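Everything quoted here is computed from the prediction, not taken from an experiment. In listed order, ligands and their atoms are each counted from 1.
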Amino acid sequence: NYYRDVNRLLHAVQKNATKGDPRSVVKAIDNFCRQKEWAMNVGDEKGCILDSVVSEVNPVTVLELGTYCGYSTVRIASLLPPRAKIITLEFNPDYAKIARQVIAWAGLEDKIQVVEGPSGEWIPKMKEQFGVKTFDLVFLDHWKDRYLPDTKLLEDCGLLRKGTILLADNVICPGTPDYLEYVRNSPRYKSQYFKSHLEYTKAEDGLEKSVFLG
Ligand SMILES: Cn1cnc(CNC(=O)c2cc(-c3ccc(F)cc3)cc(O)c2O)c1
Ligand SMILES: [Mg+2]
């Protein structure tokens, strides 16, 4: 079952990656998913686009929606400046458990806070629970039908500021049509599509980068 798969992914990290070396953790997961078992990590091709956006934004406060095994969490956190933090929300407790161990293997616990539960419940509590004012970068990679409602929730909770970047995975496959329509047509966003491929496959997919205009 799916949990055994992610457990094997964790063992591949612990076997093949160097403890405390985030890039070797990313490499070990990509090798495992290419050679052994496909998994829904953002992957190395879209991961390079993610890296370039993170490096350009140089965020101090990051929100990730959808931790899964922590692949993109580690990828983002490895590029953050010293005091920067990433809060990552995961609904599924089994995935969260695996992600914490992958993050620990990478030695990035101090930069990452894994929060378990529904994004719709946690987003309104971000300010009071975690002392967040606004996010500099939001990476959307959770349930595809939650991208739009959670984006509206982030707006309503005042968690976005002029210039906040939203980066959304899977806008083609599995696809997030209502979210795409919203960020591409709303006067409050400036959107750009980065064409790529579904992780570890030749199928088309891509990332949508949207700047909140306030
Ligand atoms: C259960 N669950 C926990 N987290 C989530 C949210 N992520 C996804 O659903 C997700 C799905 C796919 C995907 C799956 C099957 C397929 F044929 C093609 C694509 C790819 C991704 O990059 C994703 O992020 C779902
Ligand atoms: Mg994804």
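Across A203, G175, P174, heavy-atom proximity to atom 12 (C) of ligand 1 is greatest for P174.
Listed by number with element, the atoms of ligand 1 under 4.0 Å from a non-hydrogen atom of N170 are 20 (C), 21 (C), 22 (O), 23 (C), 24 (O). Near E199, with a cut-off below 4.0 Å to any heavy atom, the atoms of ligand 1 are 20 (C), 21 (C), 22 (O). Near Y95, meaning under 4.0 Å from any of its heavy atoms, are these atoms of ligand 1: 3 (C). Residue-ligand proximity, H142 to ligand 1, at heavy-atom distances under 4.0 Å covers atoms 6 (C), 7 (N).
Between the side chain of D136 and the main chain of V60, a donor-acceptor pair closer than 3.5 Å is present. In this structure a side-chain-to-backbone donor-acceptor pair under 3.5 Å is present from S78 to R75. Without hydrogens or angle criteria, K125 side chain to F130 main chain gives no donor-acceptor distance under 3.5 Å.
There is a protein heavy atom less than 4.0 angstrom from atom 7 (N) of ligand 1.
Under a hydrophobic-cluster definition in which Ile, Leu, Val, Met, Phe, Trp and Tyr are linked whenever side-chain heavy atoms come within less than 4.5 Å, directly or via other members, V183 and Y147 are assigned to the same cluster.
Ring planes of Y95 and Y68: perpendicular class, angle over 60° (limits at 30 and 60°).
At a cut-off of 2.8 Å, E199 does not coordinate the Mg ion (ligand 2) through any N, O or S atom. Within the coordination shell of the Mg ion (ligand 2), defined by N, O or S atoms under 2.8 Å, S72 is absent.
Contacts of D169 with ligand 1, taken as heavy-atom pairs under 4.0 Å, involve the side chain alone. Both the backbone and the side chain of D141 come within 4.0 Å of ligand 1, judged by heavy-atom distances. Counting heavy atoms closer than 4.0 Å to ligand 1, residue L198 contributes side-chain atoms (C-beta onward) but none from N, CA, C or O.
Between K27 and D30 there is no salt bridge, since none of the side-chain N atoms of the basic residue sits less than 4.0 Å from a carboxylate O of the acidic one. Under the 4.0 Å criterion applied to side-chain N and carboxylate O atoms, D141 and K144 are assigned as salt-bridge partners.
Nearest protein neighbour of atom 4 (N) of ligand 1, counting heavy atoms only, is M40 CE, 3.7 Å. W143 NE1, 3.7 Å is the protein heavy atom nearest to atom 1 (C) of ligand 1.
Looking at heavy atoms from C-beta onward, E199 lies in side-chain contact with N170 at the 4.5 angstrom threshold.
Relative to the ring axis of Y182, K152 places its NZ or CZ within 45° and under 6.0 Å from the centre.
Considering backbone and side-chain atoms together, K144 places an N or O closer than 3.5 Å to an N or O of ligand 1. Considering backbone and side-chain N/O atoms, W38 never comes within less than 3.5 Å of an N/O atom of ligand 1.
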Applying side-chain contact (heavy atoms from CB on, under 4.5 Å), run through L166 and Y179 and close with a yes or a no.
CA-CA 11 Å; L166 302 190; Y179 172 80; 3.7 Å; yes
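For the pair OD2 of D169 and OD1 of D141, the angle whose vertex sits at the Mg ion (ligand 2) is 90° to 10 degrees.
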